[in-house]
Amino acid sequence: MKSIYVLTVETNLTKMLRGNCEAKVYEKDIKVFADFESAKTGMRSIIKEFATTKNEIFDGNGSIIGFDEEFEYAVEEAKFFDYSESAFEYINNIPQILKSYFLGDEVSFSGIFYEEFLTCDFEISADCSGWSDIPLKLTGEFCLPFRLYGNFNPPLMQINTFDMSDPDKTYVIRIRSACEEWDQPAFIYLELRKVNVE
């Protein structure tokens, strides 16, 4: 049986429409790759393209908008939790690690990082406005280990692509923007899945 790799890219980023008005536009693109290595390269190049383009999620330089500014406060909050010293060291380095990753560098988190923190539970909602609270269980995923309190809806991330060594695994990069209570959050969702064909 032959295998292919299907990369799904879903977004609702703001676009300039006719009449010079801006609006969030839901878009879905599906790319098919014949082998795992080219699929990995394709997925990484797409997230880098988003990260190096100024939009509602990225500042154009690889950083998530609204993340770095609130991170210092979040680190102070994390001091009240019973994290190990090594886990807390990872917390302090998260902004730079994420920026490096989004810009195409190889980064990694140790097993202790995944063991210490809970997983985020969300998926794209039916109205394409972000994520609803439906549990997702992904092995070796990264998510924010604490809530950022400065916004009503803080940025959310779920990423399990730091180590893409298993061609049978489903890989995702999910990022939802920070937004106020009355705003629709922006999101970027990439999923790479192996599909067997006859």
Side-chain angles (χ1 to χ4, degrees), residues 1-16 24-65 94 96-111 113-114 117 119-132 134-144 155-177 185-198:
M1 183 175 292
K2 184 180 177 183
S3 297
I4 58 171
Y5 292 87
V6 178
L7 176 60
T8 305
V9 182
E10 294 180 83
T11 66
N12 70 338
L13 300 177
T14 297
K15 304 281 185 184
M16 183 65 73
K24 280 189 169 60
V25 177
Y26 173 73
E27 294 182 313
K28 183 174 184 177
D29 187 27
I30 297 175
K31 299 181 184 302
V32 178
F33 298 88
D35 62 88
F36 183 57
E37 289 304 315
S38 59
K40 282 197 305 186
T41 301
M43 187 176 200
R44 293 296 302 273
S45 66
I46 288 172
I47 195 61
K48 182 177 180 180
E49 185 177 336
F50 281 121
T52 55
T53 304
K54 188 167 176 54
N55 52 53
E56 294 104 311
I57 295 177
F58 287 102
D59 66 357
N61 297 308
S63 293
I64 303 273
I65 294 172
I94 285 173
Q96 187 54 48
I97 291 170
L98 288 175
K99 179 177 180 177
S100 296
Y101 173 75
F102 292 135
L103 292 177
D105 297 335
E106 292 295 327
V107 301
S108 64
F109 290 98
S110 77
F113 183 85
Y114 300 121
F117 304 131
T119 62
C120 291
D121 296 336
F122 46 78
E123 71 175 14
I124 288 184
S125 59
D127 64 356
C128 301
S129 63
W131 284 278
S132 55
I134 296 177
L136 296 172
K137 301 298 179 192
L138 297 170
T139 303
E141 67 192 19
F142 165 81
C143 64
L144 294 183
L156 291 175
M157 285 176 264
Q158 188 176 46
I159 302 169
N160 72 341
T161 56
F162 295 113
D163 175 13
M164 297 182 74
S165 57
D166 183 354
D168 294 322
K169 184 176 176 178
T170 296
Y171 292 99
V172 298
I173 299 173
R174 298 182 174 107
I175 308 171
R176 194 190 75 185
S177 69
F187 66 84
I188 296 170
Y189 173 21
L190 282 71
E191 177 186 285
L192 179 62
R193 183 181 296 272
K194 179 180 179 181
V195 177
N196 294 323
V197 293
E198 295 186 15

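The figures that follow rest on heavy atoms only: side chains count, while hydrogens, waters and symmetry mates do not. The first residue in the sequence is number 1, and the count goes up from there.
- To the nearest 0.5 angstrom, L13 atom CG is 8.5 Å from S177 atom OG.
- Of the candidates F58, F162, F50, F58 is the only one forming a ring-ring contact (aromatic ring centres under 6.0 Å, His included) with F102.
- Checked against salt bridge (charged side-chain N to carboxylate O under 4.0 Å, His left out), D29 has the following partners two or more places apart in sequence or in another chain: K31.
- Interatomic distance, NZ of K54 versus CG of D59, reported as 6.5 Å (0.5 Å rounding).
- Looking at every heavy atom in both residues, L103 comes nearest to K48 through O-CE, 3.3 Å.
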Candidate pair I173 and I188, rule side chain to side chain contact (heavy atoms under 4.5 Å, CB included), full reasoning: CA-CA 8 Å; I173 299 173; I188 296 170; 5.8 Å; no
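- Between E191 and V172 the shortest heavy-atom distance is CG-CG1, 4.0 Å.
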The test is side-chain hydrogen bond (donor to acceptor under 3.5 Å, both in side chains); show your working for Y5 and S38 and say whether it passes. CA-CA 9 Å; Y5 292 87; S38 59; over 6 Å; no
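- S100 and V107 make their closest contact through CB-CG1, 4.0 Å (heavy atoms, listed as atom of the first residue, atom of the second, distance).
- No side-chain heavy atom of F33 sits under 4.5 Å from any side-chain heavy atom of T41.
- Between I57 atom CD1 and I175 atom CD1 the span is 6.0 Å, to the nearest 0.5 Å.
- When all heavy atoms are compared, the tightest approach of A186 to N12 is CA-OD1, 3.2 Å.
- Put simply, CD on E49 and CD1 on I46 are 7.5 Å apart, with the number rounded to the nearest 0.5 Å.
- The two residues S3 and K194 come nearest to each other via the heavy atoms OG-CE, 3.0 Å.
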Verify side chain to side chain contact (heavy atoms under 4.5 Å, CB included) between I65 and E56, making sure each step is shown before the conclusion. CA-CA 7 Å; I65 294 172; E56 294 104 311; 5.9 Å; no
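- Remark: R176 CZ to F187 CZ distance equals 10.5 Å, nearest 0.5 Å.
- Scored by the side chain to side chain donor-acceptor pair (under 3.5 Å) test, T53 finds no partners at all (sequence neighbours excluded).
- At least one donor-acceptor pair under 3.5 Å links the side chain of Y171 to the backbone N or O of D166.
- The shortest heavy-atom contact between N61 and K99 is O-CE, 3.0 Å.
- Taking CG from L192 and NZ from K40, the interatomic distance works out to 10.0 Å, rounded to the nearest 0.5 Å.
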